[in-house]
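A quick write-up on the structure given underneath.
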Amino acid sequence: MSKRVRVRFAPSPTGGLHLGGVRTVLFNYLFAKQHGGDFILRIEDTDQSRFVPGAEAYIFNTLKWCGLTPDESPLHGGPHAPYRQSERKERYRQYAEQLVTAGHAYYAFDTPAELEAMRNNFKTTDNPSPQYNHLLREKMRNALTMDPAEVKRLADEGVPHVIRIKMPVNETISFTDMIRGEVSFNTSQVDDKVLMKADGMPTYHLAVVVDDYQMQISHAFRGEEWLPSAPVHLLLWKYLGWETDMPQWAHLPLILKPDGNGKLSKRDGDRLGFPVFAMDWTDPKTNETTIGFRERGFLPEAFVNMLAMLGWNDGTDQEIFSLKDLVHKFSIDRVHKGGAKFDYEKAKWYNHEWIKRSEAAVLEPEVKPLLEKNGIAVSDHQLLSKAIELVKERCTLLPDFVQQAAFFFRLPAVIDTDAIKPKWDDKKNLFFTELIRTYELSTLWEAGGLETAFKELAAANQLKPGELMLPLRIMLVGGKFGPGVFDIAALIGKTETLRRIEFTLKQLENQH
RNA sequence: GCCCGGUUCGUCUAUCGGCUAGGACAGCCCCCUUUCACGGGGCAAAGACGGGUUCGAUUCCCGUACCGGGUACCA
């Protein structure tokens, strides 16, 4: 009884892939996988003016990073190839003509200038944007108003023209949206949308219906901004005689700006200082790079988790979900109807949680290049692994590891002796000199032993250990941060520990 | 303007008509930690408004307000 689930995402390669787009993919993917179906990626490279060459590859890379690999796509192919709209061009015309023959669509010869004139002429304060609708179509240059012979002549001569859908008058058209329930429209309120453009390319309206039919799509998820044109698509399915094959629709809520009003845009990220694209995007025209979540130091798991929670939850207090959990627990009827404002602080919290929960082995391949990029050579994998384990709970973004873990691999770049100096005296100097001697003799080099020895020596010198631990920390890591001092000493080893103590001692002496 | 959608703490959200309205982020306070974090505890913070229906409404219905989307030979 149940049709095979085939959900489809159809981005337009216009550059970058922002949060809303990735979330649409995510929900498509989750639903498909949950039902053992396929996630199909179709590319809408129809609009020449906005098509950006590198963007298609960028979309693939983004999906790959997120772990949302499509089952069928222009890259992977599939039983319904091609998946690029431009490569399916010749398939659309026949259906447009079929609609014309059936009287559901018509040729229109109005030039862009004539359309603009129409909009100006009929514009009133009550109606600021006149539509090419059932009333106005009677006043325009189209097959409904012109002599059929004239229409034929112009068409034969190759005079540029479009094909428009002929919207019926005053009919109610309704459908059940998986998220919103029953939604209905009056056809008189919808304009005669262009189906085929003068350049021979279909518009989204025709293309999406034809492709969804031919690709046997069973479920279509898209942004809420498409809701108003849903009646056009519904009618097309009906007029083409495919009504029983129509996919089920789900219109997803929008992701909104954190402040103020409106859809989240790339500009908001620039303005407020956070990414809105999943990965770095360099516009080939302007050569301008927009930073992505990946490059900011987000883990894909955290990014996906954050996105899923922006508009969905499972009804419990659980907030951390892996992609696997999501596939298991996701349900379309728990997707919200209202838009959600994006909160970068919360996004960072998800990343922090994922870093804390990740094994060092998972983090290593991310952290190592970051350290090396900052001139820190990492040769000892054991050391790296242990260092990550020790500092990961204080890293919110991946680059935080550079600051938090650098001192495990080299002498601290700067030593904050100013933090020691005010309370530094000969007694402390003596203590550390003795500490070096004590540690030199120690045979077992582990945190507990080092701490005991440290405290015993402090007591012998009639000093409080607390006053001595900060100086030791500064000597070893350079500043007031990092995990337990003795853990650090244990990890960097005897030679390095003693070297650092001596180094700072000498510095303090010189500065004296 | 018209059409469609939406409306619970500052933000993301929970609530099958029974509510002392719960959780999380952010904020503040305390504990733990002789660093920074993690962790633990606490404080403050919400049902847009007006009508119905009901023993009872945040929940259902209507209206208003506000917000968002659409109103292109863009998607």
Side-chain angles (χ1 to χ4, degrees), chain A residues 10-14 44-47 49-51 85 108 110-112 115-116 119 123-133 160-164 177 179-180 183-186 188-191 193-205 207-208 222-231 251 253-254 256 258-263 306 309-320 336-350 352 356 391-396 400 403-404 419 464-470 472-474 477 479-485:
Chain A
S12 167
T14 54
E44 276 160 16
D45 54 344
T46 170
D47 180 11
S49 65
R50 286 175 64 188
F51 178 79
Q85 193 168 302
D110 316 277
T111 63
L115 289 173
E116 209 193 311
R119 291 195 181 99
K123 186 158 67 179
T124 61
T125 45
D126 270 1
N127 184 10
S129 40
Q131 298 187 103
Y132 200 117
N133 61 12
H161 61 276
V162 302
I163 295 177
R164 286 179 182 271
D177 184 280
I179 294 168
R180 278 146 222 283
V183 183
S184 50
F185 302 84
N186 184 306
S188 294
Q189 301 292 345
V190 185
D191 61 337
K193 289 263 182 270
V194 169
L195 265 22
M196 289 294 295
K197 298 190 260 189
D199 65 1
M201 287 293 267
T203 59
Y204 170 85
H205 307 295
V208 81
R222 62 201 339 187
E224 195 187 354
E225 69 269 30
W226 286 107
L227 201 46
S229 49
H251 290 90
L254 268 13
L256 276 14
D259 61 340
N261 318 310
K263 261 201 293 194
M306 177 271 291
M309 301 309 286
L310 218 50
W312 173 87
N313 73 82
D314 74 341
T316 72
D317 287 342
Q318 185 178 345
E319 294 198 83
I320 303 298
H336 310 142
K337 298 181 178 77
K341 287 184 182 173
F342 175 66
D343 181 358
Y344 187 51
E345 292 305 316
K346 186 86 186 217
K348 284 194 290 192
W349 175 79
Y350 280 107
H352 193 15
K356 280 191 294 184
V391 305
K392 68 183 186 186
E393 68 200 29
R394 50 208 91 201
C395 296
T396 299
D400 294 344
Q403 149 83 353
Q404 290 294 334
K464 282 186 217 151
E467 288 175 21
L468 299 162
M469 276 164 78
L470 183 69
L472 179 60
R473 167 175 299 283
I474 307 270
V477 320
K480 295 200 258 186
F481 62 92
V485 251

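Just so you know, these numbers use all the heavy atoms, side chains as well, and skip hydrogens, waters and symmetry mates. Order of the sequence lines fixes the chain letters, A, B, ..., with proteins taken first and strands second; residue numbering starts at 1 for each chain.
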Check: If every non-hydrogen atom of A/Pro228 is compared with every non-hydrogen atom of A/Phe185, which pair is closest and at what distance?
Finding: CA-CE2, 4.2 Å
Next item on the list: Let me know the distance between OH of A/Tyr344 and P of B/rA26, rounded to the nearest Å.
Entry: 13 Å
Check: If you measure from the C1' atom in B/rC31 to the same atom in B/rA14, how many Å do you get, rounded?
Finding: 29 Å
Check: How would you label the contact of A/Pro160 with the nucleic acid (heavy atoms, under 4.0 Å): base, sugar-phosphate, or nothing?
Finding: nothing
Notebook entry, point to check: Once you round it to whole Å, what is the distance between P of B/rC25 and CG of A/Asp317?
Noted result: 11 Å
Margin query: Taking any heavy-atom pair under 4.0 Å as a contact, classify A/Lys348: base, sugar-phosphate, or nothing.
Written below: nothing
Checklist line | Heavy atoms from other residues, nucleotides or ligands near CD of A/Gln318 exceed 12 (cutoff 6.0 Å) | finding: yes
Check: Under 4.0 angstrom, heavy atoms only, what part of the nucleic acid is A/Leu468 near: base, sugar-phosphate, or nothing?
Finding: nothing
Margin query: Run the side-chain hydrogen bond (donor to acceptor under 3.5 Å, both in side chains) test against A/Thr396 and tell me which residues pass, sequence neighbours left out.
Written below: none
Note to self: If you assign each of A/Gly466 and A/Pro112 to its closest nucleotide in RNA chain B, which residue comes earlier from the 5' end?
What the structure shows: A/Gly466
Note to self: Over 60° means perpendicular and under 30° means parallel, so tell me whether A/His205 and A/Trp226 are parallel, tilted or perpendicular.
What the structure shows: perpendicular
Margin query: For B/rG18, give the paired nucleotide (Watson-Crick: N1-N3 plus N6-O4 or O6-N4; G-U: N1-O2 and O6-N3; both under 3.5 Å), or none.
Written below: B/rC55
Next item on the list: Rounded to whole angstrom, note down the P distance from B/rC28 over to B/rG68.
Entry: 30 Å
Check: Are A/Arg119 and B/rA72 close enough that a side-chain N or O sits under 4.0 Å from OP1 or OP2?
Finding: yes
Item checked: Separation between the P atoms of B/rC30 and B/rG69, rounded to whole Å -> 43 Å
Notebook entry, point to check: Is there a donor-acceptor contact under 3.5 Å from the side chain of A/Arg394 to the main chain of A/Gly482?
Noted result: yes
Next item on the list: For A/Lys346, check side-chain hydrogen bond (donor to acceptor under 3.5 Å, both in side chains) against everything at least two apart and list the hits.
Entry: A/Glu319
Margin query: What is the distance, to the nearest angstrom, from the CG atom on A/Asn133 to the P atom on B/rA72?
Written below: 10 Å
Every protein N/O lying under 3.5 Å from an N/O of nucleotides 2-5 of chain B:
{"residue": "B/rC2", "atom": "O2'", "partner": "A/Gln189", "partner atom": "OE1", "Å": "3.0"}
{"residue": "B/rG5", "atom": "O2'", "partner": "A/Arg180", "partner atom": "NH1", "Å": "2.6"}
{"residue": "B/rG5", "atom": "O2'", "partner": "A/Glu224", "partner atom": "OE2", "Å": "3.1"}

Notebook entry, point to check: When rounded to the nearest Å, what value does the distance between P atoms of B/rC25 and B/rG63 take?
Noted result: 40 Å
Notebook entry, point to check: Which whole-number value in Å describes the distance from A/Trp349 CH2 to B/rG27 C1'?
Noted result: 17 Å
Margin query: Nearest whole Å is fine: how far is B/rA26 P from A/Met306 CE?
Written below: 15 Å
Next item on the list: Determine the Euclidean distance between corresponding P atoms of B/rA26 and B/rG39; express it in Å to zero decimal places.
Entry: 10 Å
What donor-acceptor contacts under 3.5 angstrom involve side-chain atoms of residues 124-133 of chain A, with partners at least two apart or in another chain?
{"residue": "A/Thr124", "atom": "OG1", "partner": "A/Asp126", "partner atom": "N", "Å": "3.4"}
{"residue": "A/Thr124", "atom": "OG1", "partner": "A/Asn127", "partner atom": "N", "Å": "3.0"}
{"residue": "A/Gln131", "atom": "NE2", "partner": "A/Gln189", "partner atom": "O", "Å": "3.3"}
{"residue": "A/Tyr132", "atom": "OH", "partner": "A/Asp110", "partner atom": "OD2", "Å": "2.6"}
{"residue": "A/Tyr132", "atom": "OH", "partner": "A/Asn142", "partner atom": "ND2", "Å": "3.0"}
{"residue": "A/Asn133", "atom": "OD1", "partner": "A/Leu135", "partner atom": "N", "Å": "3.0"}
{"residue": "A/Asn133", "atom": "OD1", "partner": "A/Leu136", "partner atom": "N", "Å": "3.0"}

Next item on the list: Let me have a per-nucleotide readout for nucleotides 35-46 of chain B, 5' to 3', with B, S or -, counting only protein heavy atoms under 4.0 Å.
Entry: BBBSS-------
Just the atom pairs and distances: protein N or O near nucleotides 29-32 of chain B's N or O, under 3.5 Å.
none

Next item on the list: Apply side-chain hydrogen bond (donor to acceptor under 3.5 Å, both in side chains) to A/Asp177 and list each qualifying residue two or more places apart in sequence or on a separate chain.
Entry: A/His251
Next item on the list: Only counting residues at least two apart or in another chain, list the ones meeting side chain to side chain contact (heavy atoms under 4.5 Å, CB included) with A/Leu256.
Entry: A/Leu254, A/Lys341
Margin query: Test salt bridge (charged side-chain N to carboxylate O under 4.0 Å, His left out) on A/Glu345 and A/Lys348; report intermediate values, then the result.
Written below: CA-CA 5 Å; A/Glu345 292 305 316; A/Lys348 284 194 290 192; 3.5 Å; yes
Next item on the list: Give A/Thr125 one of three labels, base, sugar-phosphate or nothing, depending on what nucleic acid heavy atoms sit under 4.0 Å from its own.
Entry: sugar-phosphate
Checklist line | Heavy-atom pair with the smallest gap, counting every atom of A/Lys197 and A/Thr203 | finding: CG-CG2, 3.7 Å
Check: Taking only residues two or more places apart in sequence or in another chain, which ones pass side chain to side chain contact (heavy atoms under 4.5 Å, CB included) with A/Lys356?
Finding: A/His352, A/Glu353, A/Glu393
Checklist line | For B/rC49, the Watson-Crick or wobble counterpart (both distances under 3.5 Å) | finding: B/rG63
Check: Roughly, in whole Å, what's the span from OH in A/Tyr204 to C1' in B/rA72?
Finding: 16 Å
Check: So, does A/Arg473 use its side chain to make a donor-acceptor pair with the main chain of A/Phe481 at under 3.5 Å?
Finding: yes
Notebook entry, point to check: For A/Val194, which contact category applies under a 4.0 Å heavy-atom criterion: base, sugar-phosphate, or nothing?
Noted result: sugar-phosphate
Item checked: Spacing of the P atoms in B/rG6 and B/rA44 (rounded, Å) -> 34 Å
Notebook entry, point to check: Looking at residues at least two apart in the chain, or sitting in another chain, which of them share a side chain to side chain contact (heavy atoms under 4.5 Å, CB included) with A/Met469?
Noted result: A/Phe454, A/Val485, A/Phe486
Next item on the list: Using a cut-off of strictly less than 4.0 Å, decide whether A/Lys197 has a side-chain nitrogen or oxygen near OP1 or OP2 of B/rC74.
Entry: yes
Check: In terms of base orientation, is B/rC38 syn or anti, with the syn window spanning 90° either side of 0?
Finding: syn
Note to self: What is the separation between atom CD on A/Gln131 and atom C1' on B/rG1, rounded to the nearest whole Å?
What the structure shows: 11 Å
Margin query: Please find the pair of heavy atoms, one from A/Gly479 and one from A/Val477, that lie closest to each other, and give the distance.
Written below: O-CG2, 3.1 Å
Note to self: Does the structure show a Watson-Crick or G-U wobble partner for B/rG68, both distances under 3.5 Å? Name it, or say none.
What the structure shows: B/rC4
Note to self: Which nucleotide wins on minimum distance to the side chain of A/Pro128, given the candidates B/rC74, B/rG70, B/rG1?
What the structure shows: B/rG1
Notebook entry, point to check: Under a 3.5 Å cut-off for both distances, is B/rC43 Watson-Crick or wobble paired, and to whom?
Noted result: B/rG27
Notebook entry, point to check: Taking only residues two or more places apart in sequence or in another chain, which ones pass side-chain hydrogen bond (donor to acceptor under 3.5 Å, both in side chains) with A/Gln403?
Noted result: none
Check: Looking only at atom C1', what distance separates B/rG42 and B/rG50, rounded to whole Å?
Finding: 39 Å
Check: Does A/Glu224 come within less than 4.0 Å of A/Arg180, counting only side-chain N to carboxylate O?
Finding: yes
Item checked: Footprint string (nucleotides 8-17 of chain B, 5' to 3'): B base within contact, S backbone only, - free, heavy atoms under 4.0 Å -> ---SSSSS--
Notebook entry, point to check: Between B/rG47 and B/rU58, how far is it from one P atom to the other, in whole Å?
Noted result: 10 Å
Next item on the list: Grab the CD1-P distance between A/Ile320 and B/rG23 for me, whole Å please.
Entry: 17 Å
